[in-house]
Amino acid sequence: MKTGEISRRYFIKAAGATAAAVALGNFAAFPAGCGPKKASFSNKLPIPPLAKNSSTDPSKAVFELTAQKGTSQFFEGKSTATLGYNGNYLGPVLRAKKGQQVSVRVKNMLDEETTVHWHGVLVPGEMDGGPHQTIAAGSEWNQSYVINQPAGTMWYHAHPLGTTGPQVYKGLAGLFIIDDEVLDNLNIPKDYGVNDVPLIVQDRRFADDGSLLYLNATDDDLHGMMGDKMMVNGVINPVLEVNAVKMRFRIVNGSNARIYDFRLSNNSKFNQIASDNGFLESPVELDTLEMSPGERAEIIVDFSGAAAGDVISLNSAELKIMDFQVKGTAADATSIPAKLTTISKIDEKSAAKTRTFTFTGGRERAGINSLQMNLKTGMDTIHETVKFGDTEIWEISDNTGIPHPFHIHGVHFQVLDRNGKPPPANESGWKDTVLVHNSEKVRTIATFGQKGIFMFHCHNLEHEDAGMMLQYEAK
Ligand code: C2O
Ligand code: CU
Ligand code: CU
């Protein structure tokens, strides 16, 4: 398994349209080969279970996560070696309310070092679970913090230096749902597992014997690891039975590298109600939704016009992700309010500083501003020092010719503009990850309200492992 630097080809090939086309996923749907030969979708969509909160004190939420080895049955009669939290693949949903004190005891039962990062959850640097907070095989890590952010769909995943890609690929990821009073007062679908359903979307590649393949093909290092089998919540060919009512889906792009362009097979529109870190001010009606690795979106799909027996697919361009099978009519007391929350725009003039970051290639190094963090360069260098409490503009551009999802730990930001133009309405809320398209320039603004050392990086996990990651300290 290669986890080393992106090869020389990175720079030679990265200029053309081919790279972008592949990155957007022009794979034929379910090519012949391994896997079920059935034409129809057949696996019931699993609903990730809620993690048990062992606290009896309502102001606290206490969870246990064990990173462990497992065996999954993705194909009939074949077993696949995977990793999971408290199970074989993926993990349970941590769910907490704003104001609650969350404590998580993480045990590492793997044969290798790992870390667990709370992606999108605002916590001090030493609890962030990035590459500095390693958990040696056989040991455990405890942290505790108070949730102080709006309701939304966050997630957690392994984040060790140089091996984030393979560990997440094998299954080390899960959801972290945050609730608050704003959500309590909205009449949107919120019955978990019934009309409020998470969709963790991932793509994987398998050998004929059912084992996972990783970085086994030409250009995997260039584009990041993309598979030809689409999975949602850990199953291939998923189908979810729905009533003809409004359904809320919490979509997480948990793929290592694939960028999706979600749409419904009947071309009906849907409403996006939340971006990475919580509700948008107002629902945004969309017919397609682009999501890069690490990003989350909550959408409401209204199936009320559908008839019993209808099958509507969630697709990404030509690629089929999953099916919704309509059971029949049912009462629906939910509504989509015109206003969801209030988001105060951070004033550009309040920025103390503008920093510029460019995704770069260069003979043997893929990085940011021609710098990189990897096993060779180590973690001693703090690349940027930010004054705690300051507001800053971070301007990110691409100089490689392929798209990169830019993620900053420790803050929620707002997108000021893309190539000088205001972002689309569904990117006008709080974000922690933003896709920088080929040769694009994106400006973000954030207030740094957590102290400590944090990563910022490309969320294409193979790019990240190759060194497209730097760190800042807020103090
Ligand atoms: Cu989702 Cu630094 O990670
Ligand atoms: Cu993160
Ligand atoms: Cu990248």
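Every number for a ligand or one of its atoms is a count from 1 in the order of the listing.
- Put simply, the side chain of K98 reaches to within 4.5 Å of the side chain of E181, judged on heavy atoms.
- Under the 4.5 Å side-chain criterion, counting only non-hydrogen atoms from C-beta, L416 is not in contact with T444.
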Next item on the list: Give the C-alpha distance, both sets of side-chain angles, the deciding distance and a yes or no for ring pair (Phe, Tyr, Trp, His ring centres under 6.0 Å) between Y214 and Y169.
Entry: CA-CA 8 Å; Y214 186 73; Y169 191 78; 5.0 Å; yes
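- Checking Q133 against Q143 by side-chain atom types alone, no donor-acceptor pair falls below 3.5 Å.
- Taking the ring centroids of F262 and F270, they lie at or beyond the 6.0 Å cut-off.
- No side-chain donor from either of N237 and N43 sits under 3.5 Å from a side-chain acceptor of the other.
- The aromatic ring centres of F279 and W430 sit 6.0 Å or more apart.
- The one candidate from H132, E384, H457 that meets the side-chain hydrogen bond (donor to acceptor under 3.5 Å, both in side chains) condition with Q471 is H132.
- Nearest heavy-atom pair, E295 versus E290, reported as atom, atom and distance to 0.1 Å: OE1-O, 4.3 Å.
- Rounding to 10 degrees gives 100° for the angle at the Cu ion (ligand 3) between ND1 of H463 and ND1 of H404.
- For the Cu ion (ligand 3), the set of nearby N, O or S atoms under 2.8 Å includes none belonging to H459.
- Protein N/O/S atoms found under 2.8 Å from the Cu ion (ligand 2): H117 NE2, H407 NE2.
- For atom 2 (Cu) of ligand 1, protein N/O/S neighbours under 2.8 Å (waters excluded) are H159 NE2, H409 NE2, H457 NE2.
- Of the listed residues (W394, F454, F388), just one forms a ring pair (Phe, Tyr, Trp, His ring centres under 6.0 Å) with F448, and that residue is W394.
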